[in-house]
Amino acid sequence: MDRHVEGKRVTVVGLARSGVSAAKLLQALGARVTVADAKETSAGAEGLAGLDRTALTVTVGAGYERALEGAELVVISPGVPFRLPMLEAVRRRGVAVVSELELAFWFLRAPMLAITGTNGKSTTTTLLGMVLKDSGHRAFVGGNLGTPLCEAALTTVRAERAGERPPYDYHVVEVSSFQLETVQRFHPRVAALLNITQDHMDRYHSFDDYVATKRRIFENQTPQDLALLCMDDARVAALAPTLPATVWGFGRSAPSTGQWPHRVCLEGQDIVATIDGHRQVLFGRQELRILGWHNVLNAMATMAMGLAVHCPMDTMRRVVTSFPGLEHALEVVRERRGVRYVNDSKGTNVDATLKALESVDVPILLIAGGRDKGGDFEKLRPLIHQKVKRLVLIGEATTRIAEAVAPFDRVIRAATFREAVESAAREAESGDLVMLSPACASFDMFADYRDRGRQFKDLVMKLSE
């Protein structure tokens, strides 16, 4: 793939944040840019902020596929399925279809530290970015989390043109499976796969298809690069002998064989790294502020990646043990009448909700539901029967979840989100915990998981004392 785009006809499909960011980069590089989206509302002034409208062709609504005619390169946003018939037709013409992530990578100069997995990506990405910055490095932190990677590429291009040094020492990038579908050159210096559980089955042909897509994060690595795998996840660990990079592992317990000579794991109550035969204690399990075993694993992965790029141990330990957690990820909102309220709106799939339930040892009033992504809700049944005092259901998946966890008679079906929160609050007693962890997407009732989480926090804060 030729990274030279000046004068080329490039179509960007999807006008969410990453699509607009890609269009801005392409305009700065001198491409002839067309933006396209199925939604008419995508072409509003706010949606195209930062773009030169005088040099931009906009095609939205019915017939937006026409924007692909004559394109010499197509860039798609993560929300655009790469197997759409109109994109298959473009490929048959010999035209490349790439993600915003791939486009950005062509113009970056600093090493890439990339993190994927079904769950834990945002926490690990944020933590690693904090570790690098506190270690004195100039780190870009974004990708699927927050700022699109094309923003980093645009900053890099502008610095080069001004004769300045590259603006970043490292790029710490959260990567989704959607972004990996169309990678070609994407090549992280360090790549981590945290876990793989069933998710996005409305997008992929099978679970194996989803796993294969996640594996693509390692596709262009060499033996000089590092692949970090979770030893506790059988599907992830099985990839180790198939990868081109040097493999490190992390997990709850040390392996019984010599398969993982480079590893970070739990020994007693200590998190211990063994790299090239050198053993060192990183931190104590009890020192972490964040809840849950899944967050212990996220901290392990962060420390392993920090070790790989030689961050100071004292800095890493201080950052990881003082981290309070992310907004919408087991975020404690309030304590009211002896009841804690926890916002886990990022729990958009069954496995994330399982991890949330596992992290708490008091009676739970669980608010769940939303748009079904093809998850196996029956996996929730044992923990719901064991730990959940009341199950408050909302959204399109209400009936499916209720049937999947049956027989369970402590179910409240709420017509609105307000009713769900207020019902849980009425039923809760001192010592209980009210948790929003939906196990579903948010798009039936909310703009996204952030909107859902913030509405939850607002409703909780409005509950009278």
Side-chain angles (χ1 to χ4, degrees), residues 290-292 294 325 327-372 375-446 449-465:
I290 44 182
L291 297 172
H294 59 296
E327 185 181 19
H328 312 303
L330 287 176
E331 175 193 10
V332 178
V333 178
R334 179 185 182 186
E335 184 165 325
R336 169 184 177 267
R337 300 178 183 173
V339 177
R340 278 190 300 166
Y341 291 78
V342 172
N343 168 26
D344 192 49
S345 185
K346 272 181 69 66
T348 59
N349 57 65
V350 169
D351 189 66
T353 297
L354 285 172
K355 287 180 168 62
L357 294 173
E358 288 169 352
S359 70
V360 177
D361 293 320
V362 299
I364 301 168
L365 292 95
L366 176 65
I367 301 174
R371 176 157 294 169
D372 179 14
D376 181 5
F377 296 120
E378 290 187 6
K379 290 169 64 177
L380 293 169
R381 184 191 298 131
L383 275 181
I384 284 179
H385 282 250
Q386 176 187 341
K387 292 192 168 190
V388 173
K389 182 176 179 177
R390 288 285 187 277
L391 176 60
V392 184
L393 295 176
I394 58 171
E396 295 173 2
T398 290
T399 300
R400 272 211 63 210
I401 297 174
E403 291 174 350
V405 303
F408 187 79
D409 59 4
R410 301 188 299 276
V411 176
I412 298 171
R413 300 181 183 226
T416 67
F417 200 36
R418 177 183 295 276
E419 181 185 332
V421 173
E422 292 178 350
S423 296
R426 277 196 305 272
E427 296 284 337
E429 299 174 311
S430 180
D432 293 348
L433 184 143
V434 173
M435 177 189 290
L436 169 69
S437 189
C440 292
S442 57
F443 304 118
D444 57 339
M445 297 170 67
F446 309 94
Y449 77 84
R450 298 178 187 86
D451 177 39
R452 176 170 61 191
R454 286 168 187 157
Q455 287 197 39
F456 174 74
K457 291 195 290 184
D458 183 60
L459 289 167
V460 167
M461 294 310 294
K462 288 178 178 175
L463 292 171
S464 67
E465 284 295 340

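Applying the salt bridge (Lys or Arg N to Asp or Glu O under 4.0 Å) test to every pair with at least one member in residues 401-415, sequence neighbours left out, gives no pairs at all. Residue pairs meeting the ring pair (Phe, Tyr, Trp, His ring centres under 6.0 Å) criterion with at least one partner in residues 415-441, sequence neighbours excluded, are F417-F446.
Looking at D444, its side chain does come within 3.5 Å of a backbone N or O of E396 through a donor-acceptor pair. At least one donor-acceptor pair closer than 3.5 Å links the side chain of R381 to the backbone N or O of A404. Panel note: side chain R452, backbone K346; no donor-acceptor pair is recorded below 3.5 Å.
Residues passing the side chain to side chain donor-acceptor pair (under 3.5 Å) test with Q455, sequence neighbours excluded: D451. Remark: L383 engages L354, L357, E358, Q386, K387 in a side-chain contact (heavy atoms from CB on, under 4.5 Å) (not counting sequence neighbours).
Within the model, atoms CD of E331 and CD1 of I290 stand 13.5 Å from one another, a figure rounded to the nearest 0.5 Å. For the atom pair T399 OG1 and L393 CG, the distance stands at 8.5 Å (nearest 0.5 Å). Once rounded to the nearest 0.5 Å, the distance linking CG of L380 with CG of L391 reads 8.5 Å. Rounding to the nearest 0.5 angstrom, the gap separating the NE2 atom in H294 from the CG atom in D351 is 9.5 Å.
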Let me check something: any side-chain donor-acceptor pairs from residues 359-369 under 3.5 Å, sequence neighbours excluded? List them with distances.
{"from": "S359", "atom 1": "OG", "to": "A356", "atom 2": "O", "distance (Å)": "2.7"}

Can I get a per-line list of side-chain donor-acceptor pairs under 3.5 Å for residues 431-443, giving both atom names and the distance, sequence neighbours left out?
{"from": "D432", "atom 1": "OD2", "to": "K389", "atom 2": "NZ", "distance (Å)": "2.7"}
{"from": "D432", "atom 1": "OD2", "to": "E429", "atom 2": "N", "distance (Å)": "2.8"}
{"from": "S437", "atom 1": "OG", "to": "D344", "atom 2": "OD2", "distance (Å)": "2.8"}
{"from": "S437", "atom 1": "OG", "to": "T353", "atom 2": "OG1", "distance (Å)": "3.2"}
{"from": "S442", "atom 1": "OG", "to": "D448", "atom 2": "O", "distance (Å)": "3.4"}
{"from": "S442", "atom 1": "OG", "to": "Y449", "atom 2": "N", "distance (Å)": "3.2"}

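Between F377 and V405 there is no side-chain heavy-atom pair separated by less than 4.5 Å. Residues V421 and K462 form no side-chain contact, since every pair of their non-hydrogen atoms from C-beta on lies 4.5 Å or further apart. The shortest distance between side-chain heavy atoms of R337 and L463 does not fall below 4.5 Å.
Among all heavy-atom pairs drawn from G453 and N343, the shortest one is CA-OD1, 3.6 Å. Heavy-atom minimum distance, E378 versus P382: O-CD, 3.9 Å. Between I394 and A420, the shortest heavy-atom distance links the atoms CG2-CB, 3.6 Å. Counting all heavy atoms, side chain and backbone alike, V333 lies closest to F456 at CG2-CE2, 4.2 Å.
More than 12 heavy atoms of other residues, nucleotides or ligands lie within 6.0 Å of CZ in R334, so this atom counts as buried by the packing criterion.
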Query raised in the report: So R454 and E327, salt bridge (charged side-chain N to carboxylate O under 4.0 Å, His left out) or not? Walk me through it.
Result: CA-CA 9 Å; R454 286 168 187 157; E327 185 181 19; 3.3 Å; yes
